[in-house]
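Reading through the structure tokens given below for one structure.
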Amino acid sequence: ILGLGGHPAPGEMAPQTQDAVPIGEGWARHDATFLVHGPSQVFFAQQGDQRGKYMVQGDDGKLVVCPAPHDSADAPIELRAAAASVIRAAQEATAGAGAAPSAGRSADADRKLERAVVIAEMPKTARLALRFPLGFLDTPASMYALFGGLRGSAAAAHWCASQFHQRLLPEIAKHIHGWWDAEAEMPEELLYRGSHVGSIASVLRGVLEGLNRDLLAGQHGLGGCDAALGVLIGENLVVACAGKATATLLFDDAEPIRLLQPVTEGDPDAEEADVAEAEAAKTLPANLGHAADSGAFLNRQGLLTRAKCSWDAAAPAKSADAGGVPEDDVARILRAPDAFAVLGLPAPGPANAADVRSLYKKLALRVHPDKVRNCDPMDAKTAFERLDTASRAIEALVEHDREACHELHRVLQSDPFTLRGAAAMLKVDTDAEEKQVKKALDGLTTRLEKLRAKDADREISRGIRAYEAAAETLQIASKGGATGAAGERLLAEGVPESSLSAFGMRDLRGIGGKFEVRTSSWRTGEAMRLALCVGATAELSMADLQESAHLFSMQPKASAIQWATKALASQSGRLDSSASAICASIRERDEEEEANNVEDARAAKRQKGFRGPKSLRVRHLMLRCADVGKNLPDDPNARRTKPPARKADAGTRTPAEAEAELITILKSLLMMQAEGKDDNTLSSEFRKLCQQHSECSSAESAGQLCGDLGWMSRGQSEVTFEQAAFGLRRYEFSDVVTTLRGVHLIQRIA
């Protein structure tokens with residue numbers, strides 16, 4: 001790998017005896033004449049007639065000249081980002097869900113459904129974790145991803161979070177001519193590169209679509225997750241969402257802007273959806289407790305699932321033999337998954353058309369709108385129409401081909417998304433080879449396709465789709481992607497309508513669910529915060545996001561905690577077990593601050609990656625904490641006596657409780673700042689708070705030195721503490737910072 005050190009500048013003419021030097025890093029020797037940048041397959045001629053030129057292979061396989069790669073620049077902005085989660089109390093979550101947390105893991109681990117990825121420096125992560133250089137990027141170059149598990153499982157979210165950056169970073173490495181997505185006019189330095197300039201949105205969409213394909217074909221394919229993602233390269237910000245997720249920009253002196261939001265029925269943005277999406281919406285049930293012709297079912301909690309799963313899950317509870325309360329015929333017909341279930345036909349099916357007509361007459365008397373009492377008239381009308389349609393379909397089938405009618409009944413009684421159900425449906429073993437599965441599929445579908453029974457096309461199509469789904473289930477299992485019992489239990493779990501466009505959920509793809517990636521871009525450069533929300537936090541309005549964290553302009557973790565806390569407190573009815581958000585805070589770089597450290601700025605250029613002073617002086621307030629059931633860690637620098645504000649009988653606080661306490665303290669300080677208090681007043685107030693609350697031995701220092709850690713240089717403290725401290729301006733307060741000692745609030749005082 002060749003670098004730049006000691007070589008002539010790319011634009012200068014070198015003596016002909018010397019090799020030309022390319023821009024950037026990551027070049028490797030291709031042959032005696034050319035270097036090649038592996039990820040992008042851009043060649044650079046060091047000698048010969050094309051010396052100093054960059055080239056790519058054309059359609060005919062010959063090398064053609066292309067523009068020079070992008071020479072990275074440093075955008076004049078400061079950036080801080082953090083993710084935060086809040087988990088509902090176990091008792092409250094149990095009451096809402098009706099079930100206790102599973103054993104074998106901590107209750108919090110079970111109830112947290114979201115997974116977050118925050119990468120502050122993409123080149124550093126690519127170099128250290130993935131072992132390849134990621135040059136040619138403007139800085140800052142950061143990425144954020146938040147995945148929220150659906151159906152009460154975090155498995156799909158965890159898988160996506162572990163895979164996302166490993167797929168995105170190599171794709172970004174393929175583009176070395178710069179990036180542009182904003183609607184504003186392209187800068188002149190990128191304009192001459194033309195079509196070679198990359199689109200972050202296109203790369204994001206391609207990576208996410210590939211991620212979804214692999215999720216569907218794997219063991220977590222019956223699970224699912226909402227997603228909100230952001231990539232910032234220089235001043236070019238691109239966000240992407242799938243499912244129930246939002247991306248919002250918040251400003252200190254302007255109205256917030258919702259870049260992306262879920263598109264649902266009745267949403268003003270739904271008018272912009274294409275015709276295919278509008279048609280897909282018609283496949284969903286209109287009312288609670290109803291099944292649609294597509295096979296979708298809307299349960300009493302307003303969540304969507306397959307009518308077949310709901311039917312099978314409810315069968316034991318509705319059975320009079322099992323001690324349940326018999327269900328009225330209207331409700332049973334409305335939620336029935338197919339025509340056979342509407343009529344309540346037992347296996348193997350009707351013997352003749354007369355049996356169907358007889359059963360129809362009995363049921364018609366029970367569900368006719370003029371005969372039914374204590375029932376919504378519209379429900380009775382819908383049930384009667386479904387009964388009439390079902391009876392005509394089954395009567396036509398049994399008259400045309402009784403054996404085929406019985407076969408269709410058998411098929412629709414099985415669940416093609418369970419391994420056993422799929423094998424039974426295709427009449428093969430659960431470990432059948434792909435050729436055997438295909439042969440069975442072809443034979444069975446051919447028989448149904450030959451049916452030409454009037455009024456039965458819908459049921460025949462339903463059976464053919466079930467065969468195809470069963471074959472897919474067996475094929476996935478044969479490649480090691482069997483979901484197992486734990487995955488199959490998710491089939492009965494519903495999802496919100498706004499999550500139908502999310503990742504995964506293979507069983508819902510044919511009944512209205514369609515994966516969709518929405519993207520948007522923004523040109524940064526002014527002070528703002530980006531809020532990425534999924535699930536519960538995606539329900540927050542822009543006003544909620546602005547009001548609940550308006551003071552924390554450069555404290556992203558505090559902002560994210562406030563949003564997650566408000567989301568759980570605002571929910572009514574359905575109770576999510578957790579809520580999460582990512583906040584990225586952006587502001588213009590303080591050039592005056594840097595000018596005060598001229599020598600430090602020069603040192604920062606020599607040691608790339610470090611900006612700001614070589615040393616500084618800070619005061620901090622620390623709260624000790626430990627996870628539930630664990631003791632406080634040993635700390636020789638801990639305060640010897642309890643702080644005055646801490647009750648003598650107070651137990652060990654959890655990290656979440658410590659963060660909440662510090663956010664309250666931080667909020668009070670920022671409110672004073674908003675009221676116009678000067679730096680000396682704020683510093684004096686923070687010193688008093690350190691004396692009252694801090695559990696670090698520095699709080700025992702007298703007078704002006706209370707909480708003072710003195711002068712510190714880089715490398716003298718934990719990485720998280722150092723990064724937070726050296727990112728502060730004079731007299732600025734940090735975000736909540738977690739170290740092995742506890743949770744801190746820091747103020748730079750010199």
Side-chain angles (χ1 to χ4, degrees), residues 76-80 82 250-253 526-529 549-559 562 583 585-601 604 611-623 643 645 661-694 696 698-714 716-717 720-737 743-750:
I77 58 176
E78 292 181 29
L79 172 67
R80 300 176 192 166
L250 306 171
F251 305 91
D252 292 337
D253 54 359
E526 57 184 316
M528 65 177 67
R529 280 176 296 166
H550 69 282
L551 292 171
F552 306 115
S553 58
M554 288 303 292
Q555 289 83 18
K557 187 170 185 179
S559 295
Q562 292 290 92
C583 177
S585 299
I586 301 170
R587 67 181 175 188
E588 296 181 55
R589 188 178 298 152
D590 189 343
E591 300 297 340
E592 182 179 349
E593 177 83 14
E594 292 194 355
N596 291 332
N597 295 284
V598 175
E599 190 61 38
D600 292 341
R611 179 179 294 278
K614 292 186 296 184
S615 61
L616 45 72
R617 187 177 177 184
V618 298
R619 174 177 287 116
H620 84 135
L621 190 162
M622 185 191 79
L623 301 181
E661 287 185 43
L662 281 189
I663 287 176
T664 300
I665 292 172
L666 176 60
K667 190 173 184 178
S668 68
L669 292 166
L670 295 179
M671 287 181 67
M672 292 177 61
Q673 189 177 60
E675 292 169 358
K677 304 296 183 184
D678 59 36
D679 293 337
N680 290 331
T681 302
L682 289 171
S683 187
S684 176
E685 178 64 21
F686 186 50
R687 188 174 64 250
K688 294 176 184 177
L689 291 169
C690 289
Q691 193 279 327
Q692 294 171 2
H693 297 275
S694 182
C696 175
S698 62
E700 297 176 326
S701 300
Q704 297 290 329
L705 297 178
C706 181
D708 192 344
L709 292 179
W711 288 91
M712 59 181 291
S713 301
R714 295 184 185 274
Q716 292 183 337
S717 60
T720 53
F721 191 96
E722 177 182 297
Q723 289 177 342
F726 279 85
L728 295 174
R729 298 176 181 177
R730 286 180 176 84
Y731 299 108
E732 184 180 14
F733 293 103
S734 73
D735 206 343
V736 288
V737 180
V743 184
H744 311 252
L745 182 59
I746 309 167
Q747 183 190 31
R748 178 183 170 187
I749 55 179

So, taking the atom named [atom1] in [X] and the one named [atom2] in [Y], what distance separates them when rounded to the nearest 0.5 Å?
| X | Y | atom1 | atom2 | answer |
| --- | --- | --- | --- | --- |
| R619 | C690 | CZ | SG | 6.5 Å |
| L621 | L662 | CG | CG | 6.0 Å |
| Y731 | N680 | OH | CG | 5.5 Å |
| K688 | S684 | NZ | OG | 4.5 Å |
| I749 | L682 | CD1 | CG | 13.5 Å |
| R617 | M712 | CZ | CE | 13.0 Å |

With a 4.5 Å limit on heavy-atom distance, are the side chains of [X] and [Y] in contact?
| X | Y | result |
| --- | --- | --- |
| L745 | L689 | no |
| Q562 | C583 | no |
| D735 | R80 | no |
| E78 | R587 | yes |
| Q716 | E722 | no |

Any idea how H744 and H620 line up, ring-wise: parallel (<30°), tilted (30 to 60°), or perpendicular (>60°)?
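Rings of H744 and H620: parallel, as their planes differ by under 30°.
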If you take all heavy atoms of S694 and A699, which pair is closest and at what distance?
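S694 and A699 have their closest heavy atoms at CB-CB, 3.7 Å.
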Please report the closest heavy-atom contact between R729 and R589, naming both atoms and the distance.
NH2-C, 4.0 Å
Just list the side-chain donor-acceptor pairs under 3.5 Å for residues 549-559, sequence neighbours left out, or say none.
unit_1, atom_1, unit_2, atom_2, d
H550, ND1, E547, O, 3.1
Q555, NE2, F733, O, 3.0
K557, NZ, E659, OE2, 2.9
S559, OG, R529, NH1, 3.0
S559, OG, F552, O, 3.1
S559, OG, Q555, O, 3.3

Establish, yes or no, whether the cationic atom of R714 lies under 6.0 Å from the six-membered ring centre of F726 and within 45° of the ring axis.
yes
Just to verify, what does R687 make a salt bridge (Lys or Arg N to Asp or Glu O under 4.0 Å) with, not counting sequence neighbours?
none
Would L616 and L728 count as a side-chain contact (heavy atoms from CB on, under 4.5 Å) if you check the C-alpha gap in whole Å, the side-chain angles of each, and the deciding distance to 0.1 Å?
CA-CA 10 Å; L616 45 72; L728 295 174; over 6 Å; no
